[in-house]
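Have a look at the structure below, then the notes.
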Amino acid sequence: MDNIVRVGMADLNVVKHSGVITTLGLGSCVGIVLYDPIAKIGGLAHIMLPYSNQVKNNSNKAKFADTGTIELVKLMISVGAKKSNLVAKLAGGAQMFTFTQAVDLMNIGERNILASREILKRLNIPIIAEDTGKNYGRTIELYTEDGSLHIKSVGHGIKII
Amino acid sequence: MTKAIEELSDVQLDVLKEIGNIGAGNAVTALSKIINKRVIMNVPKVQIVEFKCLPDLLGGADNLVVGILLSIKGDLKGHILFIFEQQYSCLLLNLLMGKNIEDVSALTEIDISALKEIGNILAGSYLSALSSLTGLKVLPSVPDMTIDMAGAILSFPAIEFGKIGNSVLFIETEIVENHSTILGNFFLIPDVESYDTLLKALGVES
């Protein structure tokens, strides 16, 4: 039986082969998924906000795209992954409510996606697949066997990237 | 330094609970009129919950829920969010419309309008309680509604509260009609700039 690791909101973790790492109900948050195809190690960060320096209370590194990704890379290396092997997939960053009064908050999903892309670029980790934006929640599962990311949603079926 | 929501004292939480109670009292009158039946509303709990534990209170992050969001303007800026789990949303609609709905994925336009109207009534009731207790003048916008996974809808209040702390504040509400009890969750989400205004109005030194 595969080892299943669950990641909560503002949380991150890794899983070794053979295993699954999952987070449930991503809304405007982004799931940053890292995978080392040689060591078959998977990692997942469920980030809520783009940049740690824009917020006063930033002690929880997993809350932010920038510090969360850096922390996740460290953790993956510590369990045997190699940085140069890492590839990334992104999911989430939806806009859950449509009305336009609070422009800033409504765009938080988009801003989370942009920040995630930027930090991955800075770390030289290629993004090989993405299922982001739109207006619905996503549950994601990464399989260490082949690095496939399964995305479930309400009324939009299952997608594999 | 802005205080995080987890630093609120018991007394301040009691004030928030009292706002909830008075708001519920106001809403009862309006709801009873609409459904033409006597309903009772209780506010059993005001809770401060860490993000990680939050979805569990709504049946898990992938549980299907209905979220009704309104933005608020005036002395306090921010949002109000009501979340009803699927079974309670159906109960609410069945009570309101005399229907027999069991699945929120099959709602009609009229059902959705009815749920939004409930959001309007509840929001108006809570806000007038908030105004009378704190002296802050606040007005709600028209409601917007989404049906999705609890985790996804909760990302909205979690992100806003996440700018200041690691917990979310919410008020549990019970609507009781005869033998049915409908549980709802009410989130008052001040914008970062309005956070101190609310805390000051609650008597918190910042």
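In the text below, chain A, chain B and the rest are named by the order of the sequence lines, each starting its count at 1. Given the structure is predicted, the values throughout are model-derived calculations rather than measurements. Computed from heavy atoms alone, side chains included, the values below leave out hydrogens, waters and symmetry copies.
Neither the backbone nor the side chain of B:Ala150 comes within contact range of chain A; no heavy atoms are under 4.5 Å apart. Interface remark: A:Leu49 contributes side-chain atoms only to the contact with chain B (heavy atom separation under 4.5 Å). Only the side chain of B:Leu81 comes within less than 4.5 Å of a heavy atom of chain A; its backbone N, CA, C and O stay farther away. Only the side chain of B:Leu64 has a heavy atom closer than 4.5 Å to any heavy atom of chain A.
Of the options B:Asp148, B:Ile147, B:Thr146, a side chain to side chain contact (heavy atoms under 4.5 Å, CB included) to A:Tyr136 is made by B:Asp148 and by none of the others.
Atom CD1 in B:Ile159 sits 5.5 Å away from atom CD1 in A:Ile108 (nearest 0.5 Å). The structure places CG of B:Asp62 at 8.0 Å from NZ of A:Lys152, a figure rounded to the nearest 0.5 Å. In this structure, CG in B:Leu69 is found 5.0 Å from CZ in A:Phe97, a value given to the nearest 0.5 Å. Rounded to the nearest 0.5 Å, atoms CE (A:Met48) and CD (B:Glu160) are 9.5 Å apart.
Interface check for chain A: of the options B:Gly67, B:Ala152, B:Gly151, the most heavy-atom pairs under 4.5 Å are formed by B:Ala152.
Of the possible polar contacts, one joining the B:Ser155 side chain to the A:Ser28 backbone as a donor-acceptor pair under 3.5 Å is found.
The closest side-chain heavy-atom distance from A:Leu24 to B:Met149 is not below 4.5 Å.
Here the closest heavy-atom approach between residue A:Met96 and residue B:Ile153 is recorded as CE-CG1, 4.3 Å.
Residues of residues 115-125 of chain A lying under 4.5 angstrom from chain B, judged on non-hydrogen atoms, do not exist. By a heavy-atom distance cut of under 4.5 Å, not one residue of residues 81-91 of chain A is near chain B.
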